[in-house]
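Convention: sequence-line order gives letters A, B, ...; per-chain numbering from 1.
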Number of protein chains: 2
Amino acid sequence: MNNTIKVAIVDDHKILTEGLKGLVDDSELATVVGVAHTAADCRHSIGFWKPDVLLLDVGLPDMSGIDLCKELTTRFPLTKVLALTTHNEYTVVRKMLDNGASGYLVKNAMAEEVLAGIEAVAAGKTFLCHEIDVLMKKPSSKNIWLSQRERELLKLICEGLTNAEIAAQIFLSPETIKSYRKNLLLKLGAKNTAVLVKMAIEQKLI
Amino acid sequence: MNNTIKVAIVDDHKILTEGLKGLVDDSELATVVGVAHTAADCRHSIGFWKPDVLLLDVGLPDMSGIDLCKELTTRFPLTKVLALTTHNEYTVVRKMLDNGASGYLVKNAMAEEVLAGIEAVAAGKTFLCHEIDVLMKKPSSKNIWLSQRERELLKLICEGLTNAEIAAQIFLSPETIKSYRKNLLLKLGAKNTAVLVKMAIEQKLI
DNA sequence: TTGGTATCCCCCCTTTAGGGGGTATTGCGC
DNA sequence: GCGCAATACCCCCTAAAGGGGGGATACCAA
């Protein structure tokens, strides 16, 4: 039957891929045509698998799932990517969708949601599991969207560089760095650098 | 047969529990007598399950797996806890073992390691999967061990409180807070507060 | 054209943090 | 008894961050 959806799974959590594989194969809906535990494995094999749907973990060991997603959806536009993740950070979801993912599941989603997601993205729709859907509609998290430069500075601040050091590194005036820093505190509503770093890491803004 | 080991699983990742359950049940070694997705569920049911081995996720939604581990190993000393986690942070492993866990697995462990772990802890041994074993033997991470007070201060620093504010809150002299802060920077080898906060979060020192 | 946003730069000033010293008590283990 | 770690406290000084202003360019969209 050509009727079943071909699914490939990319996730470094081997137990989870076992579970997923069983879940998918036991359904009437789809069959698993391949499993990879690293981005490199996925790159090598996806051409042979030619899956309709790729279940892709965001937190791969060898490269960012976000970047891999972009690459794969460009190279294989017929394959729909359904992203999988443990955490539910607004910016991560946003980036995955911007990079061509068709859907998003958190790993503690129910089995039915996984199958529903596979079916939906295979049909060309976008699919967000309930938890992510709620997250994306929450206005509070939406406003945190930093420009390229701001993210760059935030990263350097998190690494503990002082204004002078940052200025030297990216060839800008220390006064400019000060301005950016003040702006970041304002934008994120952070009281000081400590909170700024905390927010940057916890909300994965860098 | 009384020969098979009774296993219970506590993890909020439903797909993973499915995978684990399949894995365990398919083996000759053990059978799954119960699955819970929250600490509350586990508390209610574990008395009925009476498992020999409890596969316990550290990152539960409703309470810390670390605290739950302590509680369960006290209440049910015959049940051996085999901890499961996504990340491999030295301090988390340390705390789990201190709180009575008999073994520790990372979630991307291979299936064989899971079964080996179950068998080992059921036999009263301690078991660390390869990755964790390596981690615990690495001398670099060992030295980071903070006192109660230091952790308390670190937490407040991460929340963005100034020395004066911290002093007011825990009724100490601002000068004392300064000393502790300097000491934390020294101990963790952090250049400034930004790095301190980053390390505290990434290494789950708080 | 006007408004918005991203980029970059400068002044003032105060508060906080960081680097360097130091002291003292308590309680634990050897 | 001695060493040692944890706790709590103090002074001096400099470096860095934070709070308040201000301004400039450029580009894009309404």
Side-chain angles (χ1 to χ4, degrees), chain A residues 90-91 94-95 98 139 141-201 203 205-206, chain B residues 90-91 94-95 98 139 141-201 203 205-206:
Chain A
Y90 178 85
T91 43
R94 184 72 263 147
K95 280 186 201 161
D98 287 347
S141 50
K142 269 190 183 162
N143 302 325
I144 302 178
W145 192 241
L146 305 178
S147 74
Q148 201 60 40
R149 224 13 167 196
E150 283 168 334
R151 251 196 306 283
E152 190 183 353
L153 288 208
L154 185 53
K155 205 178 297 182
L156 295 171
I157 290 169
C158 288
E159 282 164 18
L161 302 200
T162 66
N163 292 334
E165 288 167 340
I166 296 173
Q169 186 162 330
I170 60 179
F171 306 108
L172 286 180
S173 155
E175 285 298 325
T176 306
I177 312 298
K178 250 182 103 173
S179 299
Y180 274 105
R181 198 170 195 138
K182 279 189 279 192
N183 225 271
L184 280 168
L185 291 176
L186 236 177
K187 261 198 185 178
L188 302 197
K191 189 190 171 194
N192 53 30
T193 302
V195 182
L196 194 66
V197 171
K198 195 176 160 222
M199 293 181 72
I201 297 175
Q203 300 184 37
L205 299 171
I206 45 172
Chain B
Y90 178 83
T91 43
R94 186 73 263 146
K95 279 184 200 162
D98 286 347
S141 50
K142 269 190 184 162
N143 303 324
I144 301 177
W145 191 242
L146 305 178
S147 73
Q148 201 59 42
R149 236 345 178 212
E150 283 170 334
R151 252 198 304 284
E152 190 183 354
L153 287 210
L154 185 52
K155 204 180 297 182
L156 294 171
I157 289 170
C158 287
E159 281 164 18
L161 301 201
T162 67
N163 292 334
E165 288 167 340
I166 296 173
Q169 187 162 329
I170 60 179
F171 305 109
L172 286 181
S173 154
E175 286 298 325
T176 305
I177 313 298
K178 251 181 101 173
S179 298
Y180 274 104
R181 197 171 195 139
K182 281 190 279 191
N183 224 270
L184 280 168
L185 292 175
L186 235 178
K187 261 198 185 177
L188 303 197
K191 188 188 170 195
N192 53 30
T193 302
V195 181
L196 194 66
V197 171
K198 195 176 160 222
M199 292 181 73
I201 298 175
Q203 300 184 36
L205 298 172
I206 45 171

Worksheet item: Any side-chain heavy-atom pair from B:Leu188 and B:Leu146 closer than 4.5 angstrom?
Response: yes

Worksheet item: Side-chain contact, heavy-atom cut-off 4.5 Å: A:Leu161 with A:Ile166?
Response: yes

Worksheet item: Please give, in whole Å, the distance from D:dA6 C1' to B:Leu184 CG?
Response: 13 Å

Worksheet item: Taking side chain as C-beta onward, heavy atoms only, is A:Arg181 less than 4.5 Å from A:Leu153?
Response: no

Discussion item. Tell me whether the side-chain N/O atoms of A:Thr176 come closer than 4.0 Å to OP1 or OP2 in C:dC9.
Written reply: yes

Response to the item:
By nearest-nucleotide position on DNA chain D, the 5'-leaning member of B:Ser147 and B:Pro174 is B:Ser147

Worksheet item: Do NZ/NE/NH1/NH2 and the carboxylate oxygens of B:Glu152 and B:Arg149 come within less than 4.0 Å?
Response: yes

Discussion item. Whole angstroms only, please: what is the CD1-P distance between B:Ile157 and C:dA17?
Written reply: 8 Å

Discussion item. If the condition is salt bridge (Lys or Arg N to Asp or Glu O under 4.0 Å), which residues does B:Lys182 pass it with, not counting sequence neighbours?
Written reply: none

Worksheet item: How close or far is atom C1' of D:dT7 from atom CD of B:Gln148, stated in whole angstroms?
Response: 13 Å

Worksheet item: Can you check the B:Arg149 CZ to C:dT26 P distance for me, whole Å?
Response: 17 Å

Worksheet entry | Rounded interatomic separation in angstrom, taking CG from B:Leu153 and C1' from C:dA17 | 15 Å

Worksheet item: The side chain of A:Lys187 lies closest to which of these nucleotides: C:dA6, D:dA17, C:dA17?
Response: C:dA6

Are there any protein N/O atoms within less than 3.5 Å of an N/O atom in nucleotides 18-21 of chain C, and if so, which ones and at what distance?
unit_1, atom_1, unit_2, atom_2, d
C:dG18, OP1, B:Thr193, N, 2.8
C:dG18, OP1, B:Thr193, OG1, 3.0
C:dG18, OP2, B:Arg181, NE, 3.4
C:dG18, OP2, B:Thr193, OG1, 3.2
C:dG18, O6, B:Lys178, NZ, 2.5
C:dG19, O6, B:Lys178, NZ, 3.4
C:dG20, N7, B:Lys182, NZ, 3.4
C:dG20, O6, B:Lys182, NZ, 2.3

Worksheet entry | Atom-pair distance (OH on A:Tyr180; P on C:dT5), nearest Å | 14 Å

Worksheet item: Does any non-hydrogen side-chain atom of B:Leu156 lie less than 4.5 Å from one of B:Glu159?
Response: yes

Worksheet item: Expressed in angstrom and rounded to an integer, what is the separation of B:Ile170 atom CD1 from D:dA8 atom C1'?
Response: 11 Å

Worksheet item: What is the distance, rounded to the nearest whole Å, between atom CG of B:Leu161 and atom P of C:dT15?
Response: 18 Å

Worksheet item: A:Lys178 versus A:Glu175: any side-chain heavy-atom pair under 4.5 Å?
Response: yes

